[in-house]
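Written out below as structure tokens is the structure these notes cover.
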Amino acid sequence: MYRTHHCNELRQSHAGETVTLCGWVNTVRDQGGVIFIDIRDREGVTQCVFRAEENEEANKLSHTLRGEDVIQVTGRVDVRPEIDGQSTFNDKIDTGEVELVATELTVLNKAEVLPFQLDKELSNEDLRMKHRYLDLRRPRMSKNIRLRGDITNSIRNNLAEQGFTEVETPILSKSTPEGARDFLVPARLSPGKFYALPQAPQQYKQLLMVAGVERYFQIARCFRDEDLRADRQPEFTQVDIEASFVNSDDIFTLIEGMLVDIFKVSHGVDVPTPFERVDYWHAMDTYGSDKPDRRFGSEIVDLTEVFADSGFGVFKKAIEGGGVVRAINAKGFASVSTGQVKRLEECAKEAGAGGLAYIQVRGEDVSKWRSPIIKFFNETELEAIKDKLDIEDGDLILFGCDKRQTVCDVLGRLRLEVAEMCGWLEGKEDILDFFWVVDFPLLGYDEEEGKWNAVHHPFTRPKADDVAKLDDESQWADIRAEAYDVILNGNELGGGSIRIHESDLQSKMFSVLGIDEEEQAENFGHILGAFAYGAPPHGGIALGLDRLVMLAAGEESIREVIAFPKNNKGNDLMSASPAEVDFKQLRELYLKSTVDDKKKS
RNA sequence: GGAGUGGUGGCUCAAUUGGUUAGAGCACCGGCCUGUCACGCCGGAGGUUGCGGGUUCAAGUCCCGUCCACUUCGCCA
């Protein structure tokens with residue numbers, strides 16, 4: 001037996017016992033005669049005291065210890081003494097009332113000097129990743145990784161209790177043209193052909209419903225070959241769920257229960273249920289986002305009627321073209337700097353706006369307002385916006401005018417940017433604003449491609465009341481889907497839908513999406529076939545586990561909750577992957593690179 | 001593919017906006033210390049300022065190129 005206790009276990013009640021601890025040398029405080037070593041394992045830290053009078057050899061050896069050496073210490077648990085009437089208790093550590101008086105020391109493994117110190121925050125991401133195994137030793141990382149484990153446990157328990165069966169689905173699967181770029185794996189046994197890594201187990205889980213599994217879940221690794229972000233990795237994990245004979249409400253109840261348990265585990269709080277449900281268009285019109293952050297106000301106000309006949313040409317033209325004029329009031333931000341205005345304008349342009357109209361409200365009197373556009377407004381318009389936007393001295397008003405969708409995007413983004421600039425979220429980190437966004441549109445028109453795409457995915461069921469509209473293209477934009485997203489504080493935790501389970505409806509859906517019969521047979525023949533043999537009504541959801549754990553851990557990047565993440569470019573700096581492979585390996589796969597590598601050497 | 005920020009001893013950062021021998025804290029090495037807990041004290045070692053070029057009497061600082069990292073847009077549920 002290596003040890004009798006872990007390093008966060010000993011208390012005054014253990015006094016007098018002889019115990020053995022194992023762990024890493026956290027700190028060394030060499031006083032010459034007496035030496036204090038804090039020994040650390042994943043649970044915590046315990047102070048060991050080495051004195052020559054207890055064991056001369058151990059004391060001597062203790063002088064050679066350095067940070068991160070792995071040691072085994074045996075000794076007697078003592079309550080920390082009073083020295084000159086002063087307590088030597090350390091209330092910063094849980095074991096601070098005792099110490100281990102060492103009688104035996106074994107160095108299990110010496111450590112070289114580390115490339116970075118574990119007791120300091122490190123800004124060098126590069127270095128952290130290169131020595132990730134050391135980075136993970138730090139308490140914050142270790143806590144995150146263990147929280148992730150606790151959360152997946154909680155999810156498994158929760159779903160098992162509800163009768164869900166965990167089923168694994170293939171990692172080597174088939175490329176589908178829809179959605180993100182696939183990772184491809186050459187199939188040696190079928191020269192010239194490729195597997196694709198799954199972007200999500202979507203089709204498999206529906207087929208499991210046809211198979212009569214009824215309640216499926218999987219903590220599933222998914223792959224997408226797109227550019228990375230702080231909250232995006234090429235491989236990521238979804239909590240994938242599908243159930244038969246359920247409606248949206250059943251899914252909501254299930255997921256709410258699961259999330260309540262998760263935040264009980266991570267925050268120790270009871271999240272109230274049921275979560276509020278917000279209509280998609282209400283979210284878009286009010287917050288300019290389908291995953292709004294509602295922890296602060298500055299909601300979007302429609303001013304289309306006010307400016308319907310405006311003397312300001314830009315507004316008037318937008319409205320005449322079927323567009324809208326809307327604005328947000330950034331309360332108290334009239335002090336915005338020129339640089340910030342520029343940044344906001346950039347932001348608006350990125351979201352599709354032509355420019356940014358604004359008013360800096362500096363005083364009660366309109367003559368003191370600073371704005372490039374206000375001179376075009378008449379008295380009635382000014383009174384109307386004062387009233388509708390609740391304008392007070394010190395406010396900043398930001399306008400958007402264009403098509404409804406564009407204005408939503410623009411003002412939605414500005415709203416978040418302003419919140420960032422003004423620190424509106426400071427002190428609100430503990431708020432947990434969970435809700436559902438429902439009644440998504442089923443279809444969205446892609447201007448570039450000139451075709452209709454599925455907003456969620458092609459298997460999403462239209463709302464019963466809207467099914468008939470599939471026959472009339474002019475009504476496609478108005479079809480609502482039986483789809484839902486669950487949101488927390490402006491983050492999409494997951495989304496799902498009730499699916500189509502009839503092959504004729506599914507076939508019609510494919511047609512609407514511009515997938516002809518031949519292509520349907522080729523790419524989706526198996527699922528259409530399956531639906532012909534008695535597919536039960538079913539639906540499900542997928543939650544992004546990485547993001548969920550990130551939020552539960554209070555981190556800002558999913559890399560902080562993934563043991564071995566990839567960097568911006570999809571590289572693993574520790575193992576130096578991806579890497580070149582031997583020519584022979586490629587030959588066996590019938591592959592030849594076309595990369596021009598004259599830049600090398 | 002575009003944009004932004006950054007790259008200075010092992011780590012975190014500084015260096016008067018172009019001017020002496022590139023500094024400090026931590027870590028490291030040596031010494032001292034029997035109650036420390038971010039221990040303390042004395043001493044020491046450690047640098048091709050990411051790389052390449054240019055401007056200049058003089059470049060960590062300015063210019064061009066390039067590489068790397070992070071953030072972001074495009075892309076991506």
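One donor-acceptor pair, N or O on each side, does fall under 3.5 Å between the base of B:G74 and the side chain of A:R229. Between the side chain of A:Q117 and the base of B:U12, no donor-acceptor pair of N or O atoms lies under 3.5 Å. Looking at A:E350, its side chain has no donor and acceptor atom pair within 3.5 Å of the base of B:U72. In the interface, the side chain of A:R80 is paired with the base of B:C37 through a donor and an acceptor atom under 3.5 Å apart.
Atom pair A:L488:CG and B:A77:C1' shows a separation of 17 Å (rounding to whole Å applied). Remark: C1' of B:G30 and NE2 of A:H63 are 15 Å apart, rounded to the nearest angstrom. What separates OH of A:Y280 from C1' of B:A77 is a distance of 13 Å, to the nearest Å. Distance, A:D446 CG to B:G74 C1': 14 Å, rounded to whole Å. Distance A:E235 CD to B:C76 C1': 16 Å, rounded to the nearest Å. If you take CG of A:D225 and P of B:G1, they are 14 Å apart, rounded to a whole angstrom.
Looking at heavy-atom distances under 4.0 Å, A:N124 makes contact with sugar-phosphate atoms alone, never a base. Residue contacts shown for A:D182 are absent, as no nucleic acid heavy atom lies under 4.0 Å away. Looking at heavy-atom distances under 4.0 Å, A:A230 makes contact with sugar-phosphate atoms alone, never a base. Residue-level contact check: A:R232 touches the bases, meaning some heavy atom is under 4.0 Å from a base atom. As judged by a 4.0 angstrom heavy-atom cut-off over every strand, A:D126 is placed among residues touching the sugar-phosphate backbone only. If you check every strand for non-hydrogen atoms under 4.0 Å, A:R66 touches sugar and phosphate atoms only. Residue A:G67 is out of contact with every strand shown, counting any heavy-atom pair closer than 4.0 Å. Heavy atoms of A:R559 sit under 4.0 angstrom from primed sugar atoms or phosphate atoms, though from no base atom. A:Q199 comes within 4.0 angstrom of sugar-phosphate atoms only, judged by non-hydrogen atoms across all strands, and of no base. At the heavy-atom level, A:E82 lies nowhere under 4.0 Å from the strands shown. When heavy atoms are screened at a 4.0 angstrom cut-off, A:Q238 is found touching the sugar-phosphate backbone but no base atom.
Sequence order on RNA chain B of the closest nucleotides to A:L573 and A:D290 puts A:L573 first from the 5' end. Along RNA chain B, the nucleotide closest to A:I83 and the one closest to A:N567 are compared, and the more 5′ of them pairs with A:I83.
B:C26 and B:A22 have their P atoms separated by 22 Å, with the value rounded to a whole Å. Atom name P, nucleotides B:G7 and B:C51: the rounded distance is 13 Å, in whole Å. As rounded to the nearest Å, B:C64 and B:A27 have C1' atoms that lie 38 Å from one another. B:C70 sits 45 Å from B:C32 when the C1' atoms are compared, rounded to a whole Å. Distance check on atom C1': B:G52 versus B:C67 gives 10 Å, rounded to whole Å. B:A69 and B:U55 have their P atoms separated by 31 Å, given to the nearest Å. Comparing the same atom, C1', in B:A38 and in B:U12 gives a spacing of 15 Å after rounding to whole Å. A distance of about 9 Å separates the C1' atoms of B:U61 and B:A15, rounded to the whole Å.
Shown here for A:R181 and A:E226, the closest heavy-atom pair between the two residues is N-OE2, 2.9 Å.
Residues that satisfy the side chain to side chain donor-acceptor pair (under 3.5 Å) test with A:Q238, not counting sequence neighbours, are absent from this structure. For A:E560, the side chain to side chain donor-acceptor pair (under 3.5 Å) partners two or more places apart in sequence, or in a different chain, are A:R128, A:R140. Residues passing the side-chain contact (heavy atoms from CB on, under 4.5 Å) test with A:V25, sequence neighbours excluded: A:V28, A:I37, A:L65, A:D69, A:I71. A:N26 is linked by a side chain to side chain donor-acceptor pair (under 3.5 Å) to A:R40, counting only residues two or more places apart in sequence or in another chain.
With a 3.5 Å ceiling on both atom-pair distances, B:U55 lacks any Watson-Crick or G-U wobble partner. In a base pair of the Watson-Crick type (N1 to N3 plus N6-O4 or O6-N4) or a G-U wobble (N1-O2 and O6-N3), with each distance short of 3.5 Å, B:A27 is matched with no nucleotide. Searching all strands for a Watson-Crick or G-U wobble partner of B:A14 with both distances below 3.5 Å returns nothing. Remark: B:U61 base-pairs with no nucleotide in the shown strands. Criterion, Watson-Crick or G-U wobble with two distances under 3.5 Å. In a base pair of the Watson-Crick type (N1 to N3 plus N6-O4 or O6-N4) or a G-U wobble (N1-O2 and O6-N3), with each distance short of 3.5 Å, B:G6 is matched with B:C68. For B:C75, there is no paired nucleotide, since no Watson-Crick or G-U wobble pair has both relevant distances below 3.5 Å. Pairing of B:U21, defined by two Watson-Crick or G-U wobble distances under 3.5 Å, is not identified with any nucleotide. B:G40 is paired with B:C32 under the Watson-Crick or G-U wobble criterion, all donor-acceptor distances under 3.5 Å.
Relative to the side chain of A:D227, the nucleotides B:C28, B:G74, B:A77 differ in distance, and B:G74 lies closest.
Ion pairing of A:R294 with A:E276 is present here, as a side-chain N (NZ or NE/NH1/NH2) and a carboxylate O approach within less than 4.0 Å.
One finds no side-chain N or O of A:R413 lying less than 4.0 angstrom from the OP1 or OP2 phosphate oxygen of B:U72. At the phosphate of B:U36, neither OP1 nor OP2 sits under 4.0 Å from any side-chain N or O atom of A:N90. For A:N568, no side-chain nitrogen or oxygen approaches OP1 or OP2 of B:A69 to under 4.0 Å. Between A:K349 and B:C73 there is no side-chain polar atom (N or O) within less than 4.0 angstrom of OP1 or OP2. A sub-4.0 Å separation between OP1 or OP2 of B:A69 and a side-chain N or O of A:K569 is present.
When only modelled atom types and interatomic distance are considered, A:E555 and A:N144 share a side-chain donor-acceptor pair under 3.5 Å. A donor atom on one side chain and an acceptor atom on the other are found under 3.5 Å apart for A:Y216 and A:D240. A donor-acceptor contact closer than 3.5 angstrom links the side chains of A:T27 and A:D38.
Base orientation at B:U12 is anti, since its O4'-C1' glycosidic dihedral falls outside 90° of 0.
Applying a 4.0 Å cut-off to non-hydrogen atoms, the residues of residues 27-46 of chain A that approach RNA chain B are A:T27, A:R29, A:D30, A:Q31, A:G32, A:G33, A:V34, A:F36, listed by residue number.
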Any N/O pairs under 3.5 Å between the protein and nucleotides 41-51 of chain B? List them or say none.
none

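The aromatic rings of A:F434 and A:F275 sit parallel to each other, their planes meeting at less than 30°, with 60° as the upper class boundary. A:W476 and A:W452 have perpendicular rings, their planes meeting at more than 60° on a 0 to 90° scale where under 30° would count as parallel.
A:R224 places a side-chain N or O within donor-acceptor distance of the main-chain N or O of A:Q199, the cut-off being under 3.5 Å.
Rounded to the nearest 0.5 Å, atoms CZ (A:R42) and SG (A:C7) are 11.5 Å apart.
More than 12 heavy atoms of other shown residues, nucleotides or ligands fall within 6.0 angstrom of atom CD in A:E53.
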